[in-house]
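As the structure lists them, so they are numbered: ligands from 1, and atoms in each ligand from 1.
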Amino acid sequence: MVLGKYVEAVAAKCKDKEIQKVSQDGGVVSGLLIYALEEGIIEGAVVSKVTDEPWKPQPHIATTRDEILAAAGTKYTMCPNVWMIKEATRQYGIEKLGIVGVPCQIGAVRKMQTYPFGARFVPDKIKLIVGIYCMENFPYSSLETFVSEKMNLSLDIVDKMDIGKGKFWAYTVDETATIPLKETHGYEQSSCKVCNDYTAELADISTGSVGTPDGWSTVLTRTKFGDKLFKEAVEVGMFETKPIEEVKPGLGLLKKLAKQKKERAEKTIEERKKLGLPVP
Ligand SMILES: Cc1cc2nc3c(=O)[nH]c(=O)nc-3n(C[C@H](O)[C@H](O)[C@H](O)COP(=O)(O)OP(=O)(O)OC[C@H]3O[C@@H](n4cnc5c(N)ncnc54)[C@H](O)[C@@H]3O)c2cc1C
Ligand code: SF4
């Protein structure tokens with residue numbers, strides 16, 4: 001199964017206007033974390049928040065709605081969220097923790113739950129795992145370089161970045177700049193080339209933009225718990241949903257991209273084996 005196991009796939013959009021304003025796509029991640037926090041399902045969540053340097057995120061333990069909102073939006077660079085889990089449970093004393101992460105991070109969280117070496121009494125405190133789709137990521141200096149040199153923009157005036165329709169987009173107050181994705185490939189983090197998970201297959205709930213129109217998200221509920229939580233959030237009015245079959249481009253595109261990612265990883269792994277290089 002190219003999208004991993006899932007219970008249900010739907011198109012969703014957060015109905016809360018404040019969340020809509022700051023979120024990257026349909027606000028599914030922030031909406032779910034806020035719902036889980038307000039319902040006492042989690043006491044806090046590890047999110048990625050920009051600090052002093054423009055667009056450079058750091059893992060942050062959000063324990064309020066405002067802190068979750070402050071961390072909304074995609075940062076196209078690495079942010080070591082998994083590193084913060086132990087800190088959240090030890091220094092912050094959080095007993096019920098949520099986490100958001102890209103697929104490799106979700107894989108790491110599941111490994112930590114299965115083999116908790118150096119993480120005694122931590123895994124049982126992770127209550128909600130929200131995964132975001134990810135085709136590739138960029139080291140911070142690479143992001144800074146191609147945005148400034150290829151797009152002629154300084155990161156500190158960029159309000160939003162996005163990947164879609166084969167392009168990398170950067171928005172400022174009065175400008176929309178774009179470059180074809182093929183021009184950003186050379187800047188990718190090299191380990192992403194051996195990564196074969198596009199849709200965060202091991203999360204409780206996975207979400208991303210591909211498959212649904214702008215302002216909406218494609219949601220895959222994966223575990224029984226994730227499915228129940230999402231449906232409850234829909235029931236109380238946090239999200240508007242549509243059957244995925246009714247939106248364009250739908251799951252077909254998601255499957256196509258997930259397959260491409262897996263094939264690229266397989267090919268790179270084979271090439272690396274021939275060269276005697278380490279492989280995952
Ligand atoms: C590097 C990267 C590549 C992506 N590639 C794709 C793709 O190919 N196709 C696709 O459909 N979607 C992709 N996404 C996901 C997409 O950009 C949105 O993050 C997702 O749709 C969630 O939107 P939302 O409105 O529900 O989330 P929001 O409510 O805006 O919340 C986003 C959450 O993601 C967290 N976050 C932001 N940046 C990072 C980061 N670097 N690492 C970990 N967590 C982070 C924030 O802390 C926040 O909690 C990518 C995301 C990242 C970070
Ligand atoms: S492509 Fe894979 S390895 Fe790279 S950031 Fe995304 S999930 Fe992680």
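- Ion pair Glu8/Lys231 flagged as a salt bridge, since at least one NZ, NE, NH1 or NH2 atom sits closer than 4.0 Å to an Asp/Glu carboxylate oxygen.
- Here Tyr6 pairs with nothing under the ring pair (Phe, Tyr, Trp, His ring centres under 6.0 Å) rule; sequence neighbours left out.
- Separation of atoms CD (Gln91) and OG1 (Thr89) is listed at 8.5 Å; rounding is to 0.5 Å.
- Annotation: protein N, O or S atoms under 2.8 Å of atom 8 (Fe) of ligand 2 (waters excluded) comprise Cys104 SG.
- Residue Lys261 approaches ligand 2 through these ligand atoms, each under 4.0 Å from one of its heavy atoms: 1 (S), 2 (Fe).
- Transitive grouping of hydrophobic side chains (ILVMFWY, heavy atoms separated by less than 4.5 Å) brings Leu32 and Val22 into a common cluster.
- Remark: Glu183 engages Lys150, Ile179, Pro180 in a side chain to side chain contact (heavy atoms under 4.5 Å, CB included) (not counting sequence neighbours).
- Figure legend: Lys56 and Tyr140 shown as a cation-pi pair, the cationic atom lying under 6.0 angstrom from the six-membered ring centre and within 45 degrees of its axis.
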Can you list every pair where an N/O of ligand 1 is under 3.5 Å from an N/O on the protein?
{"residue": "ligand 1", "atom": "5 (N)", "partner": "Tyr133", "partner atom": "O", "Å": "3.4"}
{"residue": "ligand 1", "atom": "8 (O)", "partner": "Met135", "partner atom": "N", "Å": "3.4"}
{"residue": "ligand 1", "atom": "8 (O)", "partner": "Tyr198", "partner atom": "OH", "Å": "3.3"}
{"residue": "ligand 1", "atom": "9 (N)", "partner": "Tyr198", "partner atom": "OH", "Å": "2.9"}
{"residue": "ligand 1", "atom": "11 (O)", "partner": "Ser209", "partner atom": "N", "Å": "2.8"}
{"residue": "ligand 1", "atom": "11 (O)", "partner": "Ser209", "partner atom": "OG", "Å": "3.1"}
{"residue": "ligand 1", "atom": "11 (O)", "partner": "Val210", "partner atom": "N", "Å": "2.8"}
{"residue": "ligand 1", "atom": "14 (N)", "partner": "Tyr133", "partner atom": "O", "Å": "2.8"}
{"residue": "ligand 1", "atom": "17 (O)", "partner": "Thr74", "partner atom": "OG1", "Å": "2.7"}
{"residue": "ligand 1", "atom": "19 (O)", "partner": "Thr74", "partner atom": "OG1", "Å": "2.9"}
{"residue": "ligand 1", "atom": "21 (O)", "partner": "Asp25", "partner atom": "OD2", "Å": "2.6"}
{"residue": "ligand 1", "atom": "25 (O)", "partner": "Gln24", "partner atom": "N", "Å": "3.3"}
{"residue": "ligand 1", "atom": "25 (O)", "partner": "Asp25", "partner atom": "N", "Å": "2.7"}
{"residue": "ligand 1", "atom": "25 (O)", "partner": "Gly27", "partner atom": "N", "Å": "2.8"}
{"residue": "ligand 1", "atom": "26 (O)", "partner": "Val28", "partner atom": "N", "Å": "2.9"}
{"residue": "ligand 1", "atom": "26 (O)", "partner": "Val29", "partner atom": "N", "Å": "3.0"}
{"residue": "ligand 1", "atom": "29 (O)", "partner": "Ser30", "partner atom": "N", "Å": "3.2"}
{"residue": "ligand 1", "atom": "29 (O)", "partner": "Ser30", "partner atom": "OG", "Å": "2.6"}
{"residue": "ligand 1", "atom": "30 (O)", "partner": "Gln24", "partner atom": "N", "Å": "2.7"}
{"residue": "ligand 1", "atom": "30 (O)", "partner": "Gly73", "partner atom": "N", "Å": "2.8"}
{"residue": "ligand 1", "atom": "38 (N)", "partner": "Lys75", "partner atom": "N", "Å": "3.1"}
{"residue": "ligand 1", "atom": "41 (N)", "partner": "Lys75", "partner atom": "O", "Å": "2.9"}
{"residue": "ligand 1", "atom": "41 (N)", "partner": "Thr77", "partner atom": "O", "Å": "2.8"}
{"residue": "ligand 1", "atom": "44 (N)", "partner": "Ser48", "partner atom": "OG", "Å": "3.2"}
{"residue": "ligand 1", "atom": "47 (O)", "partner": "Ser48", "partner atom": "N", "Å": "2.7"}
{"residue": "ligand 1", "atom": "47 (O)", "partner": "Ser48", "partner atom": "O", "Å": "3.1"}
{"residue": "ligand 1", "atom": "47 (O)", "partner": "Ala71", "partner atom": "O", "Å": "3.1"}

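- Taking 4.0 Å as the cut-off between side-chain N and carboxylate O, Lys267 and Glu263 do not count as a salt-bridged pair.
- Remark: Lys160 is not positioned above the aromatic ring of Trp169, lacking an NZ or CZ atom under 6.0 angstrom from the ring centre and at most 45 degrees off the axis.
- Residue Met135 approaches ligand 2 through these ligand atoms, each under 4.0 Å from one of its heavy atoms: 1 (S).
- Centroid-to-centroid, the aromatic rings of Tyr187 and Phe138 stay 6.0 Å apart or farther.
- Of the charged side-chain nitrogens involved, none lies within less than 4.0 Å of a carboxylate oxygen, so that Glu201 and Lys5 do not count as a salt-bridged pair.
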